[in-house]
Peer 1: 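One structure coming up, written as structure tokens, with questions to follow.
We count ligands from 1, going down the list as the structure has it; atoms in each ligand are counted the same way.
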Amino acid sequence: MLKLEFKPYILQKKYVFRIAGGARTSTPLVLTKLSYDGVEGFGEASMPPLYGESIETTIQFISKIDLSAFTNPYETESILEYVDQIAPGNQAAKAAFDIALHDLICKLLGIPLHHYFGLPAKNLVTSKTIGIDTPEVMAQRVQEASDFQYLKIKLGTDNDRELVEAIKLVSDQPLYVDANQGWKDKEIALDFIHWLKEQGVVFIEQPLPKANKADLAWLTARSPLPIIGDEGIQRLTDLKDAASLYHGINIKLMKSTGLREAFKMANTAKALGLKIMLGCMSETSCAIAAAAHLGALADWIDLDGNLMITNDPYHGHQVQNGKIMLNRFTGIGLLNPQWNQIPDYVEKI
Ligand code: MG
């Protein structure tokens, strides 16, 4: 019989994290464990405020999951279809279940997750994100990230050009730019993208608000750099008009409802001629380890969420010289997870 347990957790960030639209020092999570026949699978929901989920909504959702009708854990399509229809939204909560289920069945099968999806164990060159700060602090963070081949910077501020110039003074690493919907005018954005191309930028993530579809289509038709949809692309159904709005999409488990739909999205995106970026939220090594197994499907990897936190309860794949070295453990690749030692989160009043 399948048994699901969960535990709220607050992930603490190494540095205050600022992006266009807010700043924060922690991220609420719900960790999950799914057991069957003495074997345990682990999962996680990460809930940055932008997407509207919280520890409360996630626990509410997970508490509604009744697995008594399912005697065979390998019937993932039916099990996940059932979980998906319990309530709309709740993508991170659904991912917490999906990741634990895939970890569990791969352990039962005795294979690493990438083999389950028919993929090779590819070591992944990941970018390292530098949050918005003063030019001096950003330059310092860039120096700390000298191992990484690519840096990702968050723009969408009033002094974007100054921030890029401060980074270029201390680094030659090519940059991924994420504007987090922070630019409003398509013509100004296009001019700025031409300038960014000269600064060694590789692509632009979500330059304009996701609702401004006509402007996004206009910009994508003209941009000298690939335009990647992140906030605008969450689940498989969002790919219907994606090819007219973006050159590529950023797939994240916390948006896609987990691995199963992320895999379907990657294949659909390929069929539509879209580039694929694999990204993350602030996550423990659990969700990062899981996502890394899909890395062979992606053109660009941005899986560094677990490198920017101080209280990671898990150990997953090692990162060496800016590369995620996919381990060969069964399941998602956690090393000896200690569920009972993860402290219970007590809400501060
Ligand atoms: Mg983004």
Peer 1: Quick one: sort the Tyr82 and Phe70 rings into parallel, tilted or perpendicular, breaks at 30° and 60°.
Peer 2: tilted
Peer 1: If you consider just the N/O/S atoms, which atom of Asp178 is the closest one to the Mg ion (ligand 1)?
Peer 2: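 Restricting Asp178 to its N, O and S atoms, the minimum distance to the Mg ion (ligand 1) goes to OD2.
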Peer 1: For N/O/S atoms only: which one belongs to Glu205 and is nearest the Mg ion (ligand 1)?
Peer 2: OE2
Peer 1: Suppose we only allow N, O or S atoms; which atom of Asp230 ends up nearest to the Mg ion (ligand 1)?
Peer 2: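 Nearest N/O/S atom of Asp230: OD2.
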Peer 1: In terms of relative ring orientation, are His293 and His317 parallel, tilted or perpendicular, with 30° and 60° separating the classes?
Peer 2: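 Taking His317 first and then His293, their aromatic rings stand perpendicular (interplane angle over 60°).
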Peer 1: Got more than 12 heavy atoms from elsewhere within 6.0 Å of NZ, Lys7?
Peer 2: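 Enclosed.
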Peer 1: Hey, what's the ring geometry for His102 with Tyr116, parallel, tilted or perpendicular (30° and 60° as the breaks)?
Peer 2: perpendicular
